[in-house]
Amino acid sequence: MPNDQHGEAPPAIPAARPHLGEEEIAAAVAVLRSGMVVQGPEVAAFEEEFTKVSGTAHCVAVNSGTSALQLALMAMGIGPGDEVIVPSFSFAATANAVRLVGAEPVFADIEPDSFCLDPDAASALVGPRTAAVMPVHLYGHPADMDRLGALAERHSLAVLEDACQAHGAQLAGRPVGSFGAAGAFSFYPTKNMHALEGGMVTTDDPQLARTLRLLRNQGMEQRYANEIVGANMRLTDVAAAIGRVQLGRLDEWTEARRANAARLDAGIDAASVVVPPVAPDARHVYHQYTVRAEGRERAIEHLREAGVGAAVYYPTPIHRLAPYAHLGADLPETDRAAGEVLSLPVHPSLTSGDLDRIVDAVNTLERK
Ligand SMILES: *Cc1c(COP(=O)(O)O)cnc(C)c1O
């Protein structure tokens, strides 16, 4: 008899463990006592400090990663009649942002090693309406920005990086979020750092940065002198203060994720599991440690019985979700990945004992 999942206790080693400690709480309370609670000094400081992660001249804070993507597309002038090439193997927000500005996502397949947008597949889909290409640095591994940048240049396309899972990831020493015209980050609790909710648009272009600032706040720089039509995507100072505390620990947490991943790489020798390859010049920040597993559903059950929380991101690729299925995209590598991927815990609060237990659980899969 299969176990009733809903009646089970949560696994001893959860798939993710968002951090919200006393320092974050104190920072939030200090903002509440200050009375300056929305898009004030904490937001300005958070934006300034985040430029060190993105390596860009400008950072514009917003209320979510989805807003960051949407705002960036709006600021780039992408809308009705435009197509944006996106991977389908991502969180739905990637494509939703395109639809929310009135443009159409065009789904391209992924590279099997990195799980990121395949530049050749993207190239084959460029047409007269293509306005932009939107790679996703999935699981914290950078997409192939050299080849995607060359493609964009050849066809005069804008590049927007979905870096929502990749705070601090790099290619040849250059941070993600600095390759495209703009990048978008998320500060949702399960990400590598969070602000309860929040997002950031990163760019080197001062004109684009100004447009982003206008668009997030009703199109105004000076109060009641609205210059253009804008939205309200402002970040609160409570969120920014929490984000700043987390940002101060991002390097330490990223190193812990990378060290945990190295332990898993070295320990896992199960024949039915493929550990995640890393491109030679990439700094992977392991938002997820995602393997391919033969017989995945059985593997998940085995891992859960062993107290290891395993999760699947994403079982249904975006092109098969209700709002996009009619487009009829044919993406064999995306479908294969969706059927095989399994993410093991890699978060910074894992202990050495936890890592041994995860490795043991994976390496005993065959004996089932
Ligand atoms: C989390 C995420 C988003 C959206 O971020 P939110 O802050 O949840 O709106 C977008 N794209 C990807 C790839 C994500 O993982």
Side-chain angles (χ1 to χ4, degrees), residues 15-16 18 43 46 50 53-54 59-74 84-101 105 107-108 110 114-117 132-143 145 148 159-169 176-177 179-180 182-202 216 231-236 239-240 242-243 246-247 257 284-290 311-319 321 323-324 334 337-338 341 343 346-347:
V43 169
F46 189 32
F50 201 77
V53 175
S54 63
C59 285
V60 178
V62 290
N63 57 0
S64 74
T66 309
S67 291
L69 291 168
Q70 193 183 341
L71 195 75
L73 290 166
M74 286 167 71
V84 179
I85 296 174
V86 300
S88 165
F89 196 53
S90 181
F91 183 48
T94 303
N96 286 347
V98 176
R99 273 277 175 83
L100 284 168
V101 300
F107 295 106
I110 53 166
S114 69
F115 299 108
C116 294
L117 191 61
V133 58
M134 207 168 125
V136 178
H137 306 300
L138 199 75
Y139 305 143
H141 188 292
M145 295 312 295
L148 289 165
V159 176
L160 169 59
E161 294 171 69
D162 182 339
C164 286
Q165 301 188 356
H167 316 67
V176 302
F179 289 89
F185 291 81
S186 165
F187 305 119
Y188 182 72
T190 56
K191 308 291 164 136
N192 287 21
M193 60 168 284
H194 76 84
L196 306 181
E197 290 271 17
M200 195 74 84
V201 187
T202 61
R216 79 166 159 189
N232 170 7
M233 295 181 178
R234 293 182 301 261
L235 188 67
T236 69
I242 291 170
Q246 297 245 325
L247 183 55
R257 284 177 183 275
H284 193 333
V285 295
Y286 294 99
H287 172 58
Q288 300 294 345
Y289 183 92
T290 302
V312 176
Y313 311 103
Y314 296 86
T316 308
I318 306 175
H319 76 287
L321 296 174
Y324 303 104
T334 296
V341 293
S343 298
V346 73
H347 50 81

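Ligands are counted one by one from 1 in listed order, and the atoms in each one are counted from 1 as well. For the single chain, residues carry numbers from 1 onward in sequence order.
- The shell of residues lying under 4.0 angstrom from ligand 1, judged by heavy atoms, includes Ser90.
- Closest heavy-atom approach to atom 13 (C) of ligand 1 among the candidates Leu69, Thr66, Val62, Asp162: Asp162.
- Closest non-hydrogen pair, Phe179 versus Glu161, comes out as N-OE2, 2.8 Å.
- An N or O contact shorter than 3.5 Å links Ser186 to ligand 1 by distance.
- When ring centroids are compared, Phe115 and His141 stay outside the 6.0 Å threshold.
- On a distance-only criterion, Tyr188 and ligand 1 share no N/O pair closer than 3.5 Å.
- Ring planes of His319 and Phe107: tilted class, angle from 30 to 60°.
- The shortest contact between atom 14 (C) of ligand 1 and any protein heavy atom is with Lys191 NZ, 3.0 Å.
- Atom OH of Tyr324 has more than 12 neighbouring heavy atoms from other residues, nucleotides or ligands inside a 6.0 Å radius.
- Among the candidates His287, His167, Gln246, Gln165, the single residue satisfying the side chain to side chain donor-acceptor pair (under 3.5 Å) test with Asn192 is His287.
- Residue-to-ligand polar distances place Gly65 within reach of ligand 1: an N/O pair is separated by less than 3.5 Å.
- Atoms of ligand 1 found under 4.0 Å from any heavy atom of Val136, numbered from 1 in the order shown, are 13 (C).
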